[in-house]
Amino acid sequence: MDLAQLTGDLEDLRSEAMAQAAAAPDSAALEALEIELLGKRGRLTAVLRGIGALPAEDRPRVGAVANTVREGIEAAIRHRGKSLRGGELDARLARERVDVTTPGRPIRRGSLHPSLEAMADIAAIFAQFGFVVVESPEIEDDRTNFQMLNIPPDHPARDLWDTLYVDLPGHLLRTHTSPGQIRVMQSMAPPIRVLLPGRCFRYEAVDASHGFEFFQVEGLMVDEGTTLADLKGLLDQFAHAMFGAGKRTRFRPGYYPFTEPSVAFDVECLVCGGPGCAACGRTGWLTILGAGMVHPVVLQYGGLDPERYQGFAFGMGPERISMLKHGITDLRLFMENDLRFLGQFR
Ligand code: PHE
């Protein structure tokens, strides 16, 4: 091995390497080529192994040539790498192209069920008068649903509520939210101002105005010196907030075993405003709720002294309120879960 031969081998390696680098099909192949040429066990190292056989004075010359060869190969690899990466990026950008002008997919938002919407509105109005929302069980015992509300087992007033019983003896699905009155009085001290919204159940044949499952919102206020006039004033405020300022209202005598006196609370017909139409049965009035002064017997069952405390209670159907507000004519819509109906509310 002499100097000329070795530098010749180096030059051959350089031109071959340059051609290979320029022809590398992709970055991975180029990387493999770089290792093959310039790596620790690469071809350049292999050629330079011959350096040991040269006379000492020739060695620096070979070293100088080897450096330029290495630099040349490195430059060729860098150059090819750059153009490969550019092409690959272009290809990837083309592949993963995003059309930023495409309209977004609409997000379908849920909405409140109309029964819940009405209950939320009712609760918001009574909250302004200090009423807090309390919950009471859907499965009740006969005593709380009836007896403690002054409805004894064989009392004919039970006919007002056709009851669904459950397997547990003495228990039933509450027919109204009024048993919540008892539970509240037994657990809270006056002054009491609560709203009891919840699901109720009755053994009913379903039609446009009757369901076997519906909601009620019960209200109860108990304090010293509470009067029927307080009830009327509060319900007027409620009717004006719910149906519009200035709407006329009235009390009619009513009957419930757990209130005395009992009343029905009417608001002027929202459709005709008084003269009478089909919506109000030609009366000019719409009945909104039942109410009355809490019966002394009920206060006693609640653990309160009727000589000291008086209270009023009222109960309304949020579906009925919703039907009146939105002009809905069939109660069945509330339980059918037809999205075309449900999607129309807040
Ligand atoms: N619980 C009665 C009903 O179901 C409504 C009501 C509640 C009446 C409170 C008076 C007082 O019809």
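Positions are given from 1 along the sequence. As the structure lists them, so they are numbered: ligands from 1, and atoms in each ligand from 1. Just so you know, these numbers come straight off a predicted model, no measurement behind them.
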Between [X] and ligand 1, which residue portion shows a heavy-atom distance shorter than 4.0 Å: side chain, backbone, both, or neither?
X: Arg202; answer: side chain
X: Ser262; answer: neither
X: Phe258; answer: side chain

Ligand 1 atoms in contact with [X] (distance to a heavy atom under 4.0 Å):
X: Ala313; result: 9 (C), 11 (C)
X: Gly290; result: 6 (C), 8 (C), 10 (C)
X: Gln216; result: 3 (C), 4 (O)
X: His176; result: 1 (N), 4 (O)

Measure across [X] and [Y] and return the closest heavy-atom pair with its distance rounded to 0.1 Å.
X: Pro152; Y: Asn150; value: CD-O, 3.5 Å
X: Thr163; Y: Tyr203; value: O-CB, 3.9 Å
X: Ser322; Y: Ala118; value: CB-CB, 4.2 Å

Query raised in the report: Does Arg252 make a cation-pi contact with Trp285 (under 6.0 Å, within 45 degrees of the axis)?
Result: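 Ring-cation test returns no.
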
Requested in this report: Return yes if a side-chain donor-acceptor contact under 3.5 Å exists between Thr227 and Lys232, otherwise no.
Outcome: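 There is no such pair between these side chains.
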
Query raised in the report: Taking atom types as modelled and ignoring hydrogens, do the side chains of Asp141 and Thr144 form a donor-acceptor contact shorter than 3.5 angstrom?
Result: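 Yes - a donor-acceptor pair under 3.5 Å links their side chains.
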
Please indicate whether any nitrogen or oxygen in [X] is less than 3.5 Å from any nitrogen or oxygen in ligand 1.
X: Ser178; result: yes
X: Glu218; result: no
X: Tyr256; result: no

Requested in this report: May I ask you to decide if the ring planes of Phe334 and His113 are parallel, tilted or perpendicular, using 30° and 60° as cut-offs?
Outcome: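 Rings of Phe334 and His113: tilted, as their planes differ by 30° to 60°.
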
